[in-house]
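We name chains A, B, ... by the order of the sequence lines, and we start the count at 1 in each one.
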2 protein chains.
Amino acid sequence: MAPPGRTARRRGAERKPREKRWSELVKVATQVFYEKGYEAASLQDIADRLGMLKGSLYYYIQTKEDLLYEVINGVHQGGLRNLKTLMSKDAGALERLREVVIGHVEYECENLVSTTVFLHELDALPPERRQEIVGEDHAYRGLLTELIEDGQAEGVIKEDVSPKLAALWILGSANWLYRWYVPGGEFTAREIGEQFADWVVRALAA
Amino acid sequence: MAPPGRTARRRGAERKPREKRWSELVKVATQVFYEKGYEAASLQDIADRLGMLKGSLYYYIQTKEDLLYEVINGVHQGGLRNLKTLMSKDAGALERLREVVIGHVEYECENLVSTTVFLHELDALPPERRQEIVGEDHAYRGLLTELIEDGQAEGVIKEDVSPKLAALWILGSANWLYRWYVPGGEFTAREIGEQFADWVVRALAA
DNA sequence: CCTACCGATCGGTAGG
DNA sequence: CCTACCGATCGGTAGG
């Protein structure tokens, strides 16, 4: 996304460096928000790492919140795209559910820093901006709910399962990952994903 | 717990009111941390609600962090006691697992405000104080892990399940509750607990 | 992007 | 608990 700062540009030649710098800014902000938390992180921290003055950040942003929005929107878009890809594979609902769980876990682990900021700081955004990103009916949950309904229509998922509650249940264990997953640690993302997927399928299968 | 402020007391008669006021302080702090998040919450906010001046809080505390510690320690102790009670019932591992999941979900939902502060702000505490509370090997997880091992010893839980990973999986969906559970909403705590428990048991049973 | 700056607020303290 | 206060830092701005 383009910087939400002023739209006026001085000269043609300046355009490209600015976009580049902007993505650096977002990257640094992601890291700092991850390390300190959004509230505790200061624009000073971010400016320091970029080697510029705090006030200069306002050439790129209008408020600190813009940075958080950008970070969260980025991971969320990516995660959503990933989920949609996984869901639309040509297979039965149970097999797709399996793939979705594995793929979602892997996405979160591979994007641990930005995922953490997303999951931990989402409610630091005002309700409107939050909703702008995840939608009224939390996008991930909506997709998972549909998938479970598909499974019930196919007769491969138990009838007495509430699709919405099951979706929240599945997402919960995945969304908690950022609190304990350690890259290169005891469990690989793939192992975690496969185990979670096995358990989920076993729990819900008709 | 007693206030971590100065231990000196002025006169005998003052003692009781002080303890009372201290518990009011903790209660108000819990609420404010819940509403604004620990970092964004100011001692001013807390003092205002108590009708005292910000500086006066230092009669009861030494740092803002003391309040967070107290809040988190309180819920954690309660939750741990609850878990231990549930675990030690005289029944098979699978039945106890069921009770533990239901009871834990209910505890979290019934103590939503303080649970939220605990789960969301735990890492705002420095590592030593955090560890003082949850222990080196996160207490809840340790207990659950043992329970699952018991189940494997009894032969009622699948052998190929990693007890630790399963514990993290179970706790994850429960720990995410505070992000979506609404008292009086679509699902009651009991319903959520029973569903989660059914699914977990179904997933792990031999 | 820098210079130069602001008002507001923060956690915390000395002394009573 | 109050009075009175501090240094530090915060997000943000005007003007170039």
What integer distance in Å separates A/Leu67:CG from D/dG11:C1'? 12 Å
Rounded to the nearest 0.5 angstrom, the CZ-CZ distance for B/Arg98 and B/Arg96 is 15.0 Å
Using whole Å, report how far OH of B/Tyr59 lies from P of C/dT13. 17 Å
Can you tell me the distance, in whole Å, between the CG atom of B/Leu57 and the C1' atom of D/dT3? 15 Å
Between C1' on C/dC1 and OH on A/Tyr60, what's the gap in Å once rounded to a whole number? 6 Å
Nearest to the side chain of B/Arg21, which nucleotide is it out of D/dC2, C/dC1, D/dC1? D/dC1
Is B/Tyr58 near enough to C/dT13 that one of its side-chain N or O atoms lies under 4.0 angstrom from OP1 or OP2? no
Please verify the inter-ring angle class for A/His76 with A/Phe118; under 30° counts as parallel, over 60° as perpendicular, anything in between as tilted. perpendicular
Is the ring pair A/Trp169/B/Phe196 parallel, tilted or perpendicular, if the boundaries are 30 and 60 degrees? tilted
Which residues pass the side chain to side chain donor-acceptor pair (under 3.5 Å) test with A/Lys54, sequence neighbours left out? none
Using atom CD of A/Glu65 as one end and atom C1' of D/dC10 as the other, report the distance to the nearest whole Å. 16 Å
Strictly by modelled atom types, are B/Ser42 and B/Asp45 linked by a side-chain donor-acceptor pair under 3.5 Å? yes
Check the side chains of B/Tyr181 and B/Glu108 for a donor-acceptor pair under 3.5 angstrom, ignoring hydrogens and angles. no
Numerically ordered, the residues 37-46 of chain A set in heavy-atom contact under 4.0 Å with DNA chain D is A/Ala41, A/Ser42, A/Leu43, A/Gln44
Can you find a side-chain donor-acceptor pair between A/Gln195 and A/Glu191 that sits under 3.5 Å? no
Criterion salt bridge (charged side-chain N to carboxylate O under 4.0 Å, His left out) against A/Arg129, the qualifying member of A/Glu70, A/Glu121, A/Glu65: A/Glu65
Sub-3.5 Å donor-acceptor pair from the side chain of B/Tyr34 to the main-chain atoms of B/Val113, do we have one? no
Whole-Å gap separating P (C/dC5) and CG (A/Leu53): 14 Å
Could you write out DNA chain D as a dot-bracket string, with dots for unpaired bases, | for bases paired across to another strand, and Watson-Crick or G-U pairs counted at under 3.5 Å? ||||||||||||||||
Within this structure, what is the CE-to-P distance between B/Met52 and D/dT3, rounded to whole angstrom? 13 Å
Measure distances between side-chain N and O atoms of B/Lys54 and base N and O atoms of C/dG11, and say whether any donor-acceptor pair falls under 3.5 Å. yes
